[in-house]
Each structure stands twice: as structure tokens, then as C-alpha cells.
Enquirer: 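Below you'll find the structure I mean.
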Amino acid sequence: MNETVGGGVFEAATGDGPAAGGEGRAAEVRTAYAGLLQIRRVSGTGGTPAPWERRQPVRAVALALEAAGVPPSAAGGDGTRTATGYRVLAADRDGAVRVEWAGPAGGGAAREEEGSLRECGRILGELGWEALLYRGPRRRWFLEAEPLPDPGPGPGPG
């Protein structure tokens, strides 16, 4: 969600930026996530992603994971990983995202990735995303997630 919070523009942590944390960040995440849930209520999508989430799937998935308390990875200015956690990026297909478990070299991310990504998939599944776990190159695990179909308007009067 790209909204103004506390005088700045809020960006969900995708796992590719600098480490962010603290009480201020937690409050921003709560506010942004509450806004996302309100968008779902107003748009009437029920348990599936709203139009905003479908247009911005990387941001939507990153916000959902961050709001659920899953730690994002982080990278320094030179691209070197500085923290272990999720990394969300666009997948090869429109509307889909790829979620990886990344961390500093030798930090143990590869040992944690299958279980951590399964938990990410569970969280996303509860929010109306179809998340499938795959094993990719070098036998590393990743999730591919996309929004479940919009159920459309409910049945009219009988």
C-alpha cells in the first residue's frame, strides 16, 4: 500500500531494501494493513484480494507477510543481504509473485526456507491467495502466489 503514514509514504518491505523496524514501523504496518482490509470490505471481494491487490501483487503480498509478523530480508546498498526473511518479487506471469527465503551468506536461510515458506503460504492462503511451493534451481525452495479468482457479486434476490 502506498499511502502517507506519519508524514512519509509507506512502502511494504519486499525484502530488498534496508532493514526497517521498531515501534514506529509496527504502527505503520498495522495502519496500512487495516487500510487494506477496509479496501476489501468496501470493494466486496470477501476473502479474496481486492482490485488494488491484484494490480499491486508484490506490495500486497509483502504487506500481508509483514503484518503477520514474518520478518523481511534486507539488503545493504551494495545488494549484500543483511537480514534473513522473506523476499517478494514479481513472477514470470502477470499478477503472480515469487516469495523466496533469503539471508546473508552462511546465515542459515537455506536450512529455514522450506518451513518458513510453508508458513508464508499458509498466511497467504488464509487471505485468498493461491500459494504453491516449488523447488527451483540449486534445489532452493520458493513460493509462487497469485490471487484466487474474484467471486464477483453474490446472487441477487430470489
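Start at 1 with the first residue, then count along the sequence.
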Enquirer: Do L132 and V88 belong together in a cluster built from hydrophobic side chains that touch within less than 4.5 Å?
Expert: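 No, separate clusters.
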Enquirer: Using salt bridge (charged side-chain N to carboxylate O under 4.0 Å, His left out), reason through E66 and R25 one step at a time and then give a plain yes or no.
Expert: CA-CA 10 Å; E66 191 174 4; R25 177 67 184 182; 2.8 Å; yes
Enquirer: Between CG of L65 and OG1 of T14, what distance do you get to the nearest 0.5 Å?
Expert: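 The CG atom of L65 sits 11.0 Å away from the OG1 atom of T14.
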Enquirer: Should we say atom CZ of R122 is surrounded by more than 12 heavy atoms from elsewhere, each under 6.0 Å from it?
Expert: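 Enclosed.
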Enquirer: Do P57 and P147 have side chains that get closer than 4.5 Å, going by heavy atoms?
Expert: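 A side-chain contact is absent here, since even the closest heavy-atom pair is not under 4.5 Å.
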Enquirer: Would you say R81 and S73 make side-chain contact, with heavy atoms under 4.5 Å?
Expert: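 Yes. Closest side-chain heavy atoms under 4.5 Å.
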Enquirer: Distance-only, no hydrogens or angles: does the T31 side chain make a donor-acceptor pair with backbone N or O of A27 under 3.5 Å?
Expert: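 At least one qualifying donor-acceptor pair exists.
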Enquirer: Heavy atoms, side chains only, cut-off 4.5 Å: are L36 and L63 in contact?
Expert: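 In short, these two side chains touch, coming nearer than 4.5 Å.
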Enquirer: So, W101 and E112: side-chain donor and acceptor under 3.5 Å apart, yes or no?
Expert: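 The criterion, which ignores hydrogens and geometry beyond distance, is satisfied for E112 and W101.
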Enquirer: Testing the basics here: between T45 and P51, what is the closest heavy-atom pair and its distance to 0.1 Å?
Expert: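 For T45 versus P51, the nearest heavy atoms are CG2-CD, 4.0 Å.
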Enquirer: Provide the closest heavy-atom pair for L127 versus P49 in the form atom of the first, atom of the second, distance.
Expert: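 Taking every non-hydrogen atom into account, O-CD, 3.9 Å.
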Enquirer: I'd like to know if V29 and W52 are part of one continuous hydrophobic network [Ile/Leu/Val/Met/Phe/Trp/Tyr, side-chain heavy atoms within less than 4.5 Å].
Expert: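 Hydrophobic grouping puts W52 with V29.
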Enquirer: Check P104 against T82 and note the closest heavy-atom contact, atom names and distance.
Expert: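 Looking at all heavy atoms of both residues, the closest pair is CG-C, 3.8 Å.
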Enquirer: Treating Y86 as the side-chain partner and A13 as the backbone partner, does any N or O pair qualify as donor plus acceptor under 3.5 Å?
Expert: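 Judged by distance alone, yes, a pair lies under 3.5 Å.
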Enquirer: Is the side chain of E100 donor-acceptor paired with the backbone N or O of R87 at a distance under 3.5 Å, no angle test?
Expert: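 No: the side chain of E100 does not pair with the backbone of R87.
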Enquirer: Just do the salt bridge (charged side-chain N to carboxylate O under 4.0 Å, His left out) check on R54 and D94 with the steps written out, would you?
Expert: CA-CA 10 Å; R54 294 171 189 278; D94 282 347; over 6 Å; no
Enquirer: Please report the closest heavy-atom contact between E144 and A96, naming both atoms and the distance.
Expert: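 Nearest heavy atoms, E144 then A96: CG-CB, 4.5 Å.
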Enquirer: Mark yes or no for whether T84, through its side chain, and A109, through its backbone, hold a donor-acceptor pair below 3.5 Å.
Expert: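 Side chain of T84 to backbone of A109: no pair is present.
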Enquirer: How about L89 and V58: do any of their side-chain heavy atoms sit closer than 4.5 Å?
Expert: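 When only atoms from C-beta onward are counted, V58 and L89 do not touch, as no gap falls below 4.5 Å.
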Enquirer: Distance from L143 atom CG to E114 atom CD, nearest 0.5 Å?
Expert: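 Answer for the CG-CD pair, L143 versus E114, is 10.5 Å.
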Enquirer: Do the side chain of E130 and the main chain of L148 share a donor and acceptor less than 3.5 angstrom apart?
Expert: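 Such a contact is absent between E130 side chain and L148 backbone.
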Enquirer: What pair of heavy atoms forms the shortest contact from A75 to D16, and how long is it?
Expert: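 Heavy atoms only, the tightest pair is CB-O, 3.7 Å.
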Enquirer: Check this for me: does any side-chain nitrogen of one of E53 and R59 sit under 4.0 Å from a carboxylate oxygen of the other?
Expert: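 Salt bridge absent between E53 and R59.
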Enquirer: Do R135 and R140 touch side chain to side chain, with heavy atoms closer than 4.5 Å?
Expert: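 No, every pair of side-chain atoms sits at 4.5 Å or beyond.
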Enquirer: Measure across V97 and V61 and return the closest heavy-atom pair with its distance rounded to 0.1 Å.
Expert: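 Taking every non-hydrogen atom into account, CG2-CG2, 3.7 Å.
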Enquirer: Test side chain to side chain contact (heavy atoms under 4.5 Å, CB included) on W141 and L133; report intermediate values, then the result.
Expert: CA-CA 7 Å; W141 293 96; L133 187 63; 3.5 Å; yes
Enquirer: To the closest 0.5 Å, what do you measure between CZ (R111) and OG (S116)?
Expert: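 Output value for this atom pair is 11.5 Å.
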Enquirer: With a sphere of 6.0 Å drawn around CZ of R139, does it hold more than 12 non-hydrogen atoms of other residues, nucleotides or ligands?
Expert: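 Counting neighbours around CZ of R139, 12 or fewer heavy atoms of other residues, nucleotides or ligands fall under 6.0 Å, so no.
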